[in-house]
Amino acid sequence: MTALAKQPPQLVRTRPLMTLNGISKTYDDVTALDDVSAQVYPGEVLGIVGESGSGKSTFLRLMNLQETPDSGSYHLDLPDLPDNLFTLDRFERRMLCARQIGIVYQNPHEGLLMTHSSSGNVAERLLIAGERRFHVLREKAQSALEASEFPIPRMDAPPIELSGGMQQRVQLAKAIALEPAVLLLDEPTTGLDVSVQALVLDTLKRLQQERRITMVLVSHDLGVIRTMADRVMVMRRGQVVEDGLVDQVFQDPQHAYTQQLVHAKL
Amino acid sequence: MPTPSNSSTRNCNQMPPILTVEGLTKTFQMHHLGQSLMAFEDLSFTVSPGEFLLLSGPNGVGKSTLLRTLYRSYLPVAGQIRYDSREGVIDLAQAADIDIAHLRRTEIGFVTQFLTARPRVPAEDIVAEPLRLAGHSRDDALKEACHWLKTFGVKQDLWRAYPTTFSGGEQQKVNLARALILPQRLLLLDEPTASLDVGAREALVTRLADLKSQGVAMIGVFHHAADVAHLIDRDIRLKPKELSDVA
Ligand SMILES: Nc1ncnc2c1ncn2[C@@H]1O[C@H](COP(=O)(O)OP(=O)(O)OP(=O)(O)O)[C@@H](O)[C@H]1O
Ligand SMILES: Nc1ncnc2c1ncn2[C@@H]1O[C@H](COP(=O)(O)OP(=O)(O)O)[C@@H](O)[C@H]1O
Ligand SMILES: [Mg+2]
Ligand SMILES: [Mg+2]
């Protein structure tokens with residue numbers, strides 16, 4: 001017997017902040033995403049897990065409007081935005097992302113200019129959004145770095161001279177500098193050693209609790225998802241095999257693939 | 001299959017139930033074995049506000065499974081769990097995840113044997129968290145947290161320490177303080193007294209009596225049922241099945 005199907009929300013009247021519907025994306029002959037839908041509610045952390053190549057990063061890049069899918073729509077419940085964000089042009093996307101969508105990549109090279117100063121990397125975000133006054137740029141960059149628990153005396157060092165954990169904090173500061181509605185995290189702690197990883201996760205958790213930032217967190221590490229996420233989506237070969245509350249998916253996984261994934265980790 | 005038998009009833013105030021369970025069935029499908037395991041089948045019972053229902057039965061009979069199914073950590077395969085929330089009746093068996101998450105923050109609590117501590121979060125913050133999530137200020141939440149840590153007998157020098165290194169009993173006290181800080185409308189309890197000393201057990205029983213008189217409905221499994229004997233309104237005894245595996 002299979003579990004009873006879930007019904008649409010009845011008590012929670014809040015609209016989802018992010019709604020992605022029927023997203024498919026193919027690269028040449030590789031299907032990275034095949035009809036994927038997701039809703040993310042304000043203030044929650046949605047975790048995405050799955051083996052490598054399952055389409056997690058592709059999904060996040062689409063949420064960051066870096067790419068356009070072959071089909072599907074993406075809506076953000078914020079003022080003055082079209083029903084489908086994929087209809088925006090490059091410039092509109094850039095402005096929207098600078099203000100409302102922050103992203104932290106696994107690889108800091110993707111998110112940072114490695115030889116520019118760390119403070120400058122953060123300030124770049126503010127510049128795109130139109131801030132020009134030098135002292136304001138510097139103050140705001142510093143406060144974002146502080147919120148990310150970056151050691152301020154090193155704020156002018158270029159990321160290339162910093163440890164992996166510190167580089168991730170620079171990415172994070174850049175991502176949150178303009179208090180975005182959404183923070184996207186693609187394996188933010190993968191590759192860091194365990195104790196550094198725990199510290200970075202602490203910072204994320206604290207930011208999430210203090211600012212109620214809506215987050216989408218991709219990780220293949222179930223422990224990371226367990227401590228951070230409210231709900232989780234399990235992906236395999238470009239499709240969602242299962243989704244649910246974190247405790248439910250980990251304690252009572254329904255799909256054979258999820259059971260294998262969960263049991264392999266225990 | 002386990003069957004409930006209402007062995008004792010001394011409930012006179014007939015409030016309409018807050019929870020009505022009907023035909024509830026839970027099986028675990030274990031794909032790697034190509035098998036499923038029936039935990040319980042066709043359970044029906046109700047709980048009213050202020051009622052205290054004791055779940056009993058031998059090890060492995062499905063007590064924890066039932067509580068987790070009501071909390072929706074486990075997904076049922078059949079039946080209904082009608083819950084009369086402040087915002088209307090909802091079937092927890094099929095409710096959307098987001099509704100379940102909402103109810104867990106505001107109305108339905110689960111007290112287990114184990115604390116899920118996060119590294120580098122002080123005990124007082126762990127305890128205060130439900131209040132913070134419910135919108136209380138940090139100061140108020142911490143004050144209340146310290147009150148409950150004290151009530152359950154956690155030494156004051158531990159309040160700001162990280163519970164990951166606490167003894168089993170100390171962790172359990174933190175866990176209880178956190179689980180009971182916010183009065184819920186329905187409280188599920190899975191052997192909350194298992195590793196507690198006498199003082200903490202007394203504090204817990206006092207808090208439960210207090211919550212009961214405030215109208216909180218409770219369903220619990222207790223290692224030492226004598227502790228809570230005076231609170232019990234009804235007893236659901238789960239009975240083991242002859243053979244639990246179904247192909
Ligand atoms: N997540 C799970 N996946 C598969 N089987 C499970 C799961 N949880 C429980 N079971 C099985 O369901 C049955 C009931 O277990 P449960 O933990 O509910 O018993 P219990 O009555 O609480 O026992 P105890 O008195 O030992 O706590 C057992 O056979 C158990 O192995
Ligand atoms: N820019 C790209 N060009 C070609 N193929 C890509 C590109 N991005 C992703 N893919 C392919 O799409 C699939 C999903 O990749 P990805 O989203 O990176 O997976 P994950 O993040 O889950 O490991 C893989 O087969 C990958 O090789
Ligand atoms: Mg990836
Ligand atoms: Mg049990």
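Numbered from 1 within each chain, the chains take letters A, B, ... in sequence-line order. What you see below is based on every heavy atom in this structure, not just the backbone, and it leaves out hydrogens, waters and symmetry mates.
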Test: Asp252(A) and Lys26(B) ion pair at under 4.0 Å:
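Counted as a salt bridge, because a side-chain N and a carboxylate O are separated by less than 4.0 Å.
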Salt-bridge contact Asp247(A)-Arg104(B) (side-chain N to carboxylate O under 4.0 Å)
yes
Heavy-atom pair of closest approach, residues [X] and [Y]:
| X | Y | answer |
| --- | --- | --- |
| Gln259(A) | Gln29(B) | NE2-O, 2.7 Å |
| Gly244(A) | Asp97(B) | CA-OD2, 3.4 Å |
| Leu11(A) | Ser85(B) | CD2-OG, 3.8 Å |
| Ala96(B) | Pro8(A) | CB-C, 3.9 Å |

Using heavy-atom distances under 4.5 Å, tell me whether Gln209(A) contacts chain B through its side chain, its backbone, both, or neither.
side chain
Per-residue contact mode, Leu201(A) against chain B (heavy atom under 4.5 angstrom)
neither
So what's closer than 4.5 Å to chain A heavy atoms on [X]: side chain, backbone, both or neither?
| X | answer |
| --- | --- |
| Phe28(B) | side chain |
| Ala95(B) | backbone |
| Arg138(B) | neither |

Among Lys205(A), Arg206(A), His255(A), Arg212(A), single out the residue with the greatest number of heavy-atom pairs under 4.5 Å to chain B.
Lys205(A)
Contact winner vs chain B - Pro9(A), Ala5(A), Ala3(A), heavy-atom pairs under 4.5 Å:
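Sorted descending by pairs with chain B, the first entry is Pro9(A).
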Would you call the rings of His32(B) and His263(A) parallel, tilted or perpendicular, taking 30° and 60° as the class edges?
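The arrangement is perpendicular - the two ring planes meet at more than 60°.
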State whether the side chain of His31(B) and the backbone N or O of Thr258(A) hold a donor-acceptor pair below 3.5 Å, judged by distance alone.
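Not confirmed, His31(B) side chain does not pair with Thr258(A) backbone.
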Could you tell me whether the side chain of Gln94(B) and the main chain of Gln7(A) form a donor-acceptor pair under 3.5 Å?
no
Just wondering, do Leu4(A) and Val77(B) contact through their side chains at under 4.5 Å, heavy atoms?
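They are not in side-chain contact.
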Output the distance between atom NZ (Lys6(A)) and atom CD1 (Ile100(B)), rounded to the nearest 0.5 Å.
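Lys6(A) NZ to Ile100(B) CD1: 9.0 Å, rounded to 0.5 Å.
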Once you round to the nearest 0.5 Å, how far does CG of Leu75(B) lie from CD of Gln251(A)?
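Leu75(B) CG to Gln251(A) CD: 11.0 Å, rounded to 0.5 Å.
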If we count only N and O atoms by modelled type, under 3.5 Å, do the side chains of Gln10(A) and Glu87(B) hold a donor and an acceptor together?
no
